[in-house]
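Okay, so here's the structure we're looking at.
Numbering of ligands and ligand atoms starts at 1, following listing order. In this text the structure is predicted, and so the values were computed from the model without any measurement. Along the sequence shown, residues are numbered consecutively beginning with 1.
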Amino acid sequence: MTINKAVFAGSSVNLEGRPAARLPEFAFIGRSNVGKSSLINMLCNNHSLAHTSATPGKTLSINHFLINNEWYLVDLPGYGYARISKEGRAKLASMIRDYACNSPQMMILFVLLDSRLELQKIDLEFLQMLGEEGVPFAMIYTKADKVGSTVLQERIERNNKILLEYWEELPPVFTTSSRTAAGREEVLSYIEEILKLQNS
Ligand code: GTP
Ligand code: MG
């Protein structure tokens, strides 16, 4: 998969507000600061496409990026962002959940986990919710440049064991780094495969 063109296609706060063109979507979700926006930039080879920040809670709306005039990458706000009001957090959580579960064009939701951290309760709860709602998802371990490969492999195996308590089959798992572009080809090939299946 070659990305020839990636353009910002609009910001919204609900499903109704998404861009008018109904095209396949691949969205990125995960805890605040896990690296969703950075990963979109890395995949598109454009460091200024999605806004990133070292402070959690940078992305607070649903952002569509039109790729090759054919499909969208969707940047979602992070879940579990603590530094806003309880009310604001609940609103954000319902925006994310509604979008993740109800977009008819959603091909795959990529759930991002920080390679440096153990699986958090909030991640597991979110994954369980996706299972209950029947949302197709894959997992991406981000910031792989920050940990050794053995440590990461052990973490993935530990998490897989936990997931297998709830699922019969594991979802596809990728490891990426927005710093080194590791995992870029793997994620893009996976997207390409799904788009091909959808068109056949
Ligand atoms: P919110 O929009 O706040 O939910 O965060 P986000 O998930 O979009 O994270 P974002 O892409 O803004 O990145 C958060 C911080 O992590 C930034 O300081 C990034 O530079 C850093 N970061 C993201 N990806 C990587 C990575 O692969 N490696 C390293 N070392 N840092 C990363
Ligand atoms: Mg972001």
Side-chain angles (χ1 to χ4, degrees), residues 3 6-14 17-18 25-67 72-86 88-100 108-127 129-130 137-149 151-153 155-156 173-188 190:
I3 294 187
V7 287
F8 175 64
S11 221
S12 51
V13 292
N14 55 34
R18 71 199 194 282
E25 295 179 339
F26 297 86
F28 296 83
I29 189 64
R31 291 202 312 145
S32 291
N33 211 244
V34 70
K36 302 173 291 295
S37 304
S38 303
L39 181 62
I40 288 181
N41 290 345
M42 183 272 264
L43 293 174
C44 296
N45 223 343
N46 178 344
H47 292 299
S48 51
L49 193 62
H51 297 159
T52 65
S53 167
T55 314
K58 178 68 179 173
T59 311
L60 292 170
S61 55
I62 301 155
N63 292 289
H64 278 71
F65 299 95
L66 179 62
I67 311 299
Y72 295 113
L73 284 176
V74 186
D75 193 11
L76 294 170
Y79 51 72
Y81 175 48
R83 263 178 268 169
I84 46 174
S85 68
K86 222 175 165 185
R89 203 159 61 219
K91 244 184 169 170
L92 211 54
S94 94
M95 185 209 292
I96 295 165
R97 188 192 162 121
D98 185 48
Y99 205 90
I108 288 286
L109 183 66
F110 289 101
V111 180
L112 276 51
L113 299 172
D114 190 320
S115 292
R116 298 171 299 182
L117 306 176
E118 291 296 332
L119 187 66
Q120 314 268 307
K121 188 166 168 257
I122 194 166
D123 294 317
L124 193 55
E125 283 170 0
F126 193 83
L127 289 165
M129 186 275 290
L130 294 180
F137 68 91
M139 289 166 64
I140 297 183
Y141 288 84
T142 61
K143 309 190 186 184
D145 56 286
K146 292 273 197 185
V147 290
S149 59
V151 172
L152 180 54
Q153 241 12 76
R155 173 154 298 134
I156 293 174
V173 174
F174 301 92
T175 58
T176 64
S177 164
S178 301
R179 286 270 161 88
T180 68
R184 184 174 185 272
E185 290 311 315
E186 289 80 357
V187 173
L188 289 179
Y190 177 64

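Within the protein, the number of N/O/S atoms found under 2.8 Å from the Mg ion (ligand 2) is 2.
Arg184 places a side-chain N or O within 3.5 Å of a backbone atom of Met42 that can act as its donor or acceptor partner. Proximity of a side-chain donor or acceptor of Asp123 to a complementary backbone N or O of Gly30 within less than 3.5 Å is not detected. A donor-acceptor contact shorter than 3.5 Å links the side chain of Asn63 to the backbone of Ser61. At least one donor-acceptor pair under 3.5 Å links the side chain of Thr142 to the backbone N or O of Val34.
Of all atoms in ligand 1, listed by their number and element, those nearer than 4.0 Å to a heavy atom of Val34 are 7 (O). Close approach of ligand 1 to Ser53 is summarised as follows: ligand atoms under 4.0 Å from at least one heavy atom of the residue are 12 (O), 13 (O), 14 (C), 15 (C), 17 (C), 18 (O). Close contacts of ligand 1 with Ser177, meaning ligand atoms under 4.0 Å from a residue heavy atom, involve 27 (O). Each of the following atoms of ligand 1 lies closer than 4.0 Å to a heavy atom of Ser38: 10 (P), 11 (O), 13 (O), 19 (C), 23 (C), 24 (N).
With sequence neighbours left out, the salt bridge (charged side-chain N to carboxylate O under 4.0 Å, His left out) criterion links Arg155 to Glu118. The side-chain contact (heavy atoms from CB on, under 4.5 Å) check on Leu124 picks up Leu119, Gln128, Ile162, Leu163, Tyr166, with sequence neighbours excluded.
Residue pairs that meet the ring-ring contact (aromatic ring centres under 6.0 Å, His included) test with at least one member in residues 25-63, sequence neighbours left out, are Phe26-Trp71, Phe28-Phe110.
Among protein heavy atoms, the minimum distance from atom 4 (O) of ligand 1 is reached at Lys36 NZ, 2.8 Å.
Side-chain polar atoms of Glu25 and Tyr99 form a donor-acceptor pair below 3.5 angstrom.
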